[in-house]
Amino acid sequence: MRQRTGYFKRQILFVFLLTVLLIICLSDNGSGYTMNMPEVEPVVYFEHHLAEPGRPLKVETCGYMLGEKFTYRWKTDSKELETTEDCYIPDEGDLEQFITVTVSSDFHEDQTARVYCSRLPVLYLNTENGEAIDSREISKAAEVVLQGAGETAAYYYEGTAEVRGRGNTSWEEAKKPYKLKLAVRDGLLGMDMSKNWVLLANYNNSSLMRNKLFYDLAADMELDAPESFWVDLILNGEYAGNYQLCEQIDFGTVINLKEGILLELDEYYDEEMKFRSSKNQPVMLHKPVSDEQGKEAVLVVEKFVNVFEQAIDAPDFYVEYQGRQVHYSDLFDMDSLARYWVVNELFYNCDFMRKSVWFYIDPLGKAFMGPVWDNDWSSGNPPCEDWDRWATLWFDVEAQKEQWYRSLIKDPAFRKKAREVYWAYRDHIGEIAGEDGAIDRNYWLLYEAALSNDRLWKYGGGYEADVTLLRNWLTSRVEWLDRQFATEESLAESLLCPKTARSEI
């Protein structure tokens, strides 16, 4: 009986194996006959997500039958490619174009894979149902894919997010800036972990460099500044231009503190928690955000700012506060005051002390200028053409009329500190526009991407003209500043006895 049971088991196993072999043969005999088995949607994709010159771009397949034969047709936006292999190595001529491969097979419809070729990271942003991002208030659900490049070539991110418009004046421009909120925190391209990110359009800044140069120099000067990377944006499958992917100002990311009071001086004056100081400065509170904590913080900060303003206007720069005599530097960190002033004066930022001016108060009750933000209208970009004037004295709109630095420059101690800051970081400052400096390095890094951006969003003379303007302007500016900061006497004379003044932009 046991022998019979073993025999039947061997027979069943033999029939099973024979059936499997028959299925394999029928599915691959070229007759076109296939068994009625569950359909698996075939997919083609690239082995590596990044497409850049010199890096092989190999096609992988999934969901096809064993032994199925393939043919490959490659093309870019401008031409058909000669290769018919499953791998293509992009060259310089493929930059700033989509590379597409179409895979044909014996028994399935053609499938395609598509990737954008760039020296820069590429951000693919696809909104649900391809909806337009047309509001700063209403967010749209989106899928996000970010591929690195250069030093971040190994980086890859894929996830979901909400995206909406951002900005004030910049939102009215043809090329829109965006705010991105990831579903899950991530340190995009190696930056600090966060859910909240900004895509700066840099529309009226054809060099694409002014904001990044500003942020990077501020960081070198030990000021709080956002980290950022240029990216090419592919929005709902279409090239949308070059953007600056940037950390959003907040505690724990740009500001290396877990908590505090985050404030902004801005003429738009459009936050719920806000006040106007004794010098008519439009101050808005961003953190804390709860109504109860926010209202209490506004009262505390309003008193603090008004006392600071009294101190900087006092003959000896002292004022009574909480039962004792305090110097303004006891309230506001002197180093941050001086460094913030120097970096804004270097770039001759026309929005300096007018809007997007951030400062914060730490848990110990001391205030710090920064993080730096918004440097589009600066360094030769009209109305900021003049390289031989002080922004502090020249620009005179809204809050600038009674801005803090018009009082601070009257203090010999502040001028001394500012002069120390300038010469301490003079090598960093001079390197920007110098030979093989930051502008030159960025020029070649951005070259193809910027020309591609120009074809879609050209502003003024375009990329090459604006880079030349920026380099020449900064060279002249640094030479002028060297003369002003030469001695304590030359700085005092330049600031306190200006030859010209300006009443409006």
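Keep in mind the model is a prediction, meaning the values are calculated, not measured.
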Self-check item: Stepwise ring pair (Phe, Tyr, Trp, His ring centres under 6.0 Å) check, Phe395 with Phe352
Solution: CA-CA 8 Å; Phe395 297 116; Phe352 176 45; 9.4 Å; no

Exercise. Apply ring pair (Phe, Tyr, Trp, His ring centres under 6.0 Å) to the pair Trp390 and Tyr348, showing each step before the final yes or no.
Key: CA-CA 7 Å; Trp390 295 105; Tyr348 196 60; 9.6 Å; no

Quiz prompt | Worked check of side chain to side chain donor-acceptor pair (under 3.5 Å) between Asn211 and Asn202 | solution = CA-CA 8 Å; Asn211 278 311; Asn202 291 322; 3.0 Å; yes

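Looking only at side-chain heavy atoms (C-beta outward), Glu80 and Trp74 stay at 4.5 Å or farther from each other. Residues Leu451 and Glu96 fail the side-chain proximity criterion, which asks for heavy atoms closer than 4.5 Å. In this structure, His49 and Val115 have side chains that are not in contact, with every pair of non-hydrogen atoms separated by 4.5 Å or more. Looking at Tyr88 and Val101, their side chains never come closer than 4.5 Å, going by heavy atoms from C-beta outward. Contact check for Leu233 versus Leu123: side-chain heavy atoms found under the 4.5 Å cut-off. Looking only at side-chain heavy atoms (C-beta outward), Trp341 and Trp404 stay at 4.5 Å or farther from each other. Within the 4.5 Å cutoff, the side chain of Tyr64 has heavy atoms near those of the His108 side chain. Counting heavy atoms from C-beta outward, Glu464 and Thr468 have side chains that stay 4.5 Å or more apart.
With hydrogens and angles ignored, the 3.5 Å screen pairs no side-chain donor or acceptor of Glu85 with any backbone N or O of Cys87. When atom types are taken as modelled, the side chain of Trp387 and the backbone of Asn472 share no donor-acceptor pair closer than 3.5 angstrom. Gln97 contributes a side-chain N or O that, together with a main-chain N or O of Ser78, makes up a donor-acceptor pair within less than 3.5 Å. Looking at Asn204, its side chain never comes within 3.5 Å of a backbone N or O of Trp377 through a donor-acceptor pair. At least one donor-acceptor pair closer than 3.5 Å links the side chain of Asp94 to the backbone N or O of Asp91. Side-chain N or O atoms of Arg415 include none that pairs as donor or acceptor with a backbone N or O of Glu489 at under 3.5 Å. Put simply, the side chain of Trp230 never gets that close to the backbone of Met209: no donor and acceptor are under 3.5 Å apart. Side chain of Asn349 to backbone of Asp351: a donor-acceptor contact under 3.5 angstrom is found. Between the side chain of Arg471 and the backbone N or O of Ala433, no donor-acceptor pair lies under 3.5 Å. Here the side chain of Tyr463 pairs no donor or acceptor atom with the backbone of Leu208 at under 3.5 angstrom.
We find that Asp396 and Arg406 are joined by a salt bridge, their nearest charged nitrogen and carboxylate oxygen being less than 4.0 Å apart. With respect to the salt-bridge test (charged N to carboxylate O, under 4.0 angstrom), the residues Arg119 and Glu92 qualify. Using a cut-off of 4.0 Å between Lys/Arg side-chain N and Asp/Glu carboxylate O, Lys212 and Asp216 are scored as salt-bridged.
If you check the side chains of Tyr422 and Asp482, you find a donor sitting under 3.5 Å from an acceptor. Counted by atom type alone, Ser206 and Asp454 present zero donor-acceptor pairs between their side chains at under 3.5 Å. Under 3.5 Å, the side chains of Asn168 and Lys355 contain no donor-acceptor pair of N or O atoms. Side chains of Arg477 and Ser379: no donor on one and acceptor on the other come within 3.5 Å. With hydrogens and angles left out, the side-chain atoms of Tyr360 and Ser336 include no donor and acceptor closer than 3.5 Å. Side-chain contact of Asp250 with Thr253: a donor-acceptor pair under 3.5 Å is absent, judged by distance alone.
Taking the ring centre of Tyr243 as origin, the terminal cationic atom of Lys176 falls outside the region bounded by 6.0 Å and 45° from the ring axis.
Atom NZ of residue Lys75 and atom OG1 of residue Thr102 lie 6.5 Å apart, to the nearest 0.5 angstrom. Rounding to the nearest 0.5 angstrom, the gap separating the CG atom in Leu188 from the SG atom in Cys246 is 11.5 Å. Distance check: Asp232 CG to Glu448 CD gives 10.5 Å after rounding to the nearest 0.5 Å. Atom CG of residue Asp374 and atom CZ of residue Arg210 lie 12.5 Å apart, to the nearest 0.5 angstrom. Atom CG of Asp266 is separated from atom CZ of Arg354 by 9.5 Å, given to the nearest 0.5 angstrom. Rounding to the nearest 0.5 Å gives a distance of 7.0 Å between CD1 of Ile361 and CZ of Phe332.
Remark: Glu60 CD is packed, more than 12 non-hydrogen atoms of other residues, nucleotides or ligands lying under 6.0 Å away. Counting non-hydrogen atoms of neighbouring residues, nucleotides and ligands closer than 6.0 angstrom, the CD atom of Glu143 reaches no more than 12 such neighbours. Around CD of Glu259, the count of heavy atoms belonging to other residues, nucleotides or ligands within 6.0 Å does not exceed 12. Taking a 6.0 Å sphere around NZ of Lys58, one finds it holds more than 12 heavy atoms contributed by other residues, nucleotides or ligands. Counting non-hydrogen atoms of other residues, nucleotides and ligands closer than 6.0 Å to CG of Leu257 gives a total above 12. The number of heavy atoms from other shown groups lying within 6.0 Å of CG (Asp270) is above 12.
Nearest heavy atom pair, residue Met353 against residue Gln400, reads O-CG, 3.5 Å. For the residue pair Arg73 and Ser104, the shortest heavy atom distance occurs at NH1-OG, 3.1 Å. The minimum heavy-atom distance linking Phe251 with Leu262 is given by the pair CE1-CB, 3.7 Å. Between Gly237 and Asn126, the shortest heavy-atom contact is N-OD1, 3.5 Å. Contact detail for Arg419 and Glu488: the closest heavy-atom pair is NE-N, 3.7 Å. When every heavy atom of Asn381 is checked against every heavy atom of Asp376, the shortest pair comes out as ND2-O, 3.1 Å.
A ring-centre distance under 6.0 Å is found for Tyr116 and Tyr239. Phe368 and Tyr340 have their aromatic ring centers separated by at least 6.0 angstrom.
Under the 30°/60° scheme for interplanar angles, the aromatic rings of Tyr203 and Tyr459 are found to stand perpendicular. In this structure, Trp358 and His286 have tilted ring planes: the angle between them lies in the 30° to 60° band.
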